[in-house]
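Since this is a predicted model, take the numbers as computed values, not measurements. Sequential numbering from 1 along the given sequence is applied to the chain's residues.
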Amino acid sequence: MKRLIARIFRRLYPMRMQTPPLPRKAVLIGAPHTSIMDAILMIMAFWYIGRPLHFMVKNQAADLPIFGAIVRALGGISIERSRHHGVVEQIIHEVDTHDDFLLVIAPKGTRAQRPYWKSGFYHIALGAHIPVIYGFIDSNEKVYGWDATEHVLTGDMKRDMDDVRAFYAGKLGLHPELTSEPRLKGEQQ
């Protein structure tokens, strides 16, 4: 049923879907994140290829009776965000205990503009020894999905983020005025 919904969506939605093969395990970052529609586009892309996805969601949302059940069924992993420690380790544990684990993260963390991305995706990929896939929504080119390249992080945050910036340069979200440059606070150290 999911695949049928995704096929219909793909035909009706006015942007092209790009879905090259994905590895068994990866962190797929989604940028620029400027609209709630971004999540729907990624879910439709994963349904289209028939692969499960995982994403982090605030435990307050995941614990709601009906909405929480829907979020968990879509692949949501409940995260306690009031504590800033342990989230990376929790996700690395999830990666280690699954044969297939594709984690989709919008590292900007919000649809609004912000000066820095959250670095969790970086630490998860590095700690779990899995590649990063660059997912995108580009209203400029009318395409969404992900790049075919598996990016292996080097541990040199500045160098790795230069690669991220090069990929996302010129890509505009559905609300271009909310697009932010990919930058992590840790690059300055």
Side-chain angles (χ1 to χ4, degrees), residues 6 9-10 12-20 22 26-49 51 53-58 61 71 74-77 79 81 84 87-88 91 102-126 130-154 156-189:
F9 182 88
R10 183 178 185 186
L12 297 177
Y13 196 72
M15 292 176 78
R16 240 177 341 104
M17 183 189 291
Q18 178 178 309
T19 56
L22 289 167
V27 172
L28 190 145
I29 56 177
H33 180 42
T34 63
S35 167
I36 193 70
M37 190 66 184
D38 301 350
I40 295 167
L41 293 173
M42 281 299 147
I43 288 169
M44 289 298 114
F46 273 83
W47 285 6
Y48 183 79
I49 66 167
R51 294 279 306 268
L53 74 148
H54 299 277
F55 56 93
M56 295 184 289
V57 64
K58 295 185 270 189
V71 166
L74 291 173
I77 300 170
I79 297 296
R81 287 185 7 175
H84 288 286
V87 172
V88 169
I91 298 300
L102 296 169
L103 178 68
V104 179
I105 298 179
K108 192 167 70 159
T110 180
R111 294 179 300 276
Q113 274 193 327
R114 62 177 13 204
Y116 296 103
W117 280 9
K118 294 177 183 255
S119 61
F121 83 92
Y122 190 88
H123 298 294
I124 291 166
L126 205 56
I130 58 175
V132 175
I133 305 293
Y134 299 162
F136 62 90
I137 293 162
D138 188 358
S139 64
N140 211 19
E141 296 294 323
K142 304 279 189 243
V143 63
Y144 66 96
W146 50 84
D147 184 46
T149 306
E150 294 180 32
H151 302 271
V152 177
L153 300 177
T154 65
D156 179 341
M157 189 179 281
K158 169 99 172 65
R159 183 172 144 204
D160 293 335
M161 288 305 294
D162 283 343
D163 187 54
V164 171
R165 280 186 284 279
F167 178 82
Y168 287 106
K171 289 185 174 49
L172 298 174
L174 295 176
H175 298 286
E177 70 280 6
L178 300 177
T179 301
S180 299
E181 180 181 19
R183 185 162 310 286
L184 301 177
K185 284 183 182 177
E187 290 181 70
Q188 301 169 342
Q189 300 172 354

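Of all heavy-atom pairs between Pro32 and Leu172, the closest is CG-C, 3.7 Å. The minimum heavy-atom distance between Gly170 and Asn140, with the atom names listed, is O-ND2, 3.7 Å. In this structure, Gly30 and Pro107 approach most closely via the heavy-atom pair O-CD, 3.6 Å. Scanning all heavy atoms of the two residues, the minimum distance from Leu184 to Met161 falls at CD1-SD, 3.7 Å.
Here the straight-line distance linking atom CD1 of Ile124 with atom CD1 of Ile29 works out to 12.0 Å at 0.5 Å rounding. Taking NZ from Lys108 and CG from Leu178, the interatomic distance works out to 6.0 Å, rounded to the nearest 0.5 Å. With values rounded to the nearest 0.5 angstrom, Ile137 atom CD1 is found 10.5 Å from His175 atom NE2. The line from CZ of Arg10 to OH of Tyr48 is 3.5 Å long, rounded to the nearest 0.5 Å.
Residues satisfying the salt bridge (Lys or Arg N to Asp or Glu O under 4.0 Å) criterion with Asp162, sequence neighbours excluded, are Lys158, Arg165. Residues meeting the side chain to side chain contact (heavy atoms under 4.5 Å, CB included) test with Ala106, sequence neighbours left out: His33. Remark: Tyr116 engages Gln188 in a side chain to side chain donor-acceptor pair (under 3.5 Å) (not counting sequence neighbours). Partners of Leu153 by side chain to side chain contact (heavy atoms under 4.5 Å, CB included), not counting sequence neighbours, listed by chain and number: Tyr122, Ala125, Leu126, Val132, Asp160. For the side chain to side chain contact (heavy atoms under 4.5 Å, CB included) test, residues two or more places apart in sequence or in another chain that qualify with Ala26 are Pro23, Leu102, Pro131, Ile133. Every side chain to side chain donor-acceptor pair (under 3.5 Å) that Arg183 has, sequence neighbours left out, goes to Glu181. Every ring pair (Phe, Tyr, Trp, His ring centres under 6.0 Å) that Tyr134 has, sequence neighbours left out, goes to His151, Phe167, Tyr168. Applying the ring pair (Phe, Tyr, Trp, His ring centres under 6.0 Å) test to Trp47 and every residue at least two apart in sequence or in another chain returns nothing. Shown here are the side chain to side chain contact (heavy atoms under 4.5 Å, CB included) partners of His54, two or more places apart in sequence or in another chain: Ile77, Phe101, Leu103. Partners of Ser119 according to the side chain to side chain donor-acceptor pair (under 3.5 Å) rule, which considers only residues two or more places apart in sequence or in another chain, are His123.
At least one donor-acceptor pair closer than 3.5 Å links the side chain of Ser180 to the backbone N or O of Arg114. A distance-only check finds a donor-acceptor pair linking the side chain of Ser139 to the backbone of Gly173 [under 3.5 Å].
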Subject >> Worked check of side chain to side chain contact (heavy atoms under 4.5 Å, CB included) between Met42 and Leu28 >> reply: CA-CA 10 Å; Met42 281 299 147; Leu28 190 145; 4.2 Å; yes
**OP:** Report the C-alpha distance between Asp38 and Tyr144 in whole Å, list the side-chain angles of each, state the deciding distance to 0.1 Å, and finish with yes or no for side chain to side chain contact (heavy atoms under 4.5 Å, CB included).
**Re:** CA-CA 9 Å; Asp38 301 350; Tyr144 66 96; over 6 Å; no
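For the pair Leu174/Leu41, a side-chain contact is recorded, criterion being any heavy-atom separation below 4.5 Å from C-beta on.
Atom CZ of Arg159 has 12 or fewer heavy atoms from other residues, nucleotides or ligands within 6.0 Å.
Annotation: salt bridge (Lys or Arg N to Asp or Glu O under 4.0 Å) contacts involving residues 134-153, sequence neighbours excluded, are absent.
Ring-plane geometry between Phe46 and Trp146 is classed as tilted, the angle between the planes lying from 30 to 60 degrees on a 0 to 90 degree scale. A perpendicular orientation is assigned to the rings of Phe121 and Trp117, their planes being inclined by more than 60° (bins at 30° and 60°).
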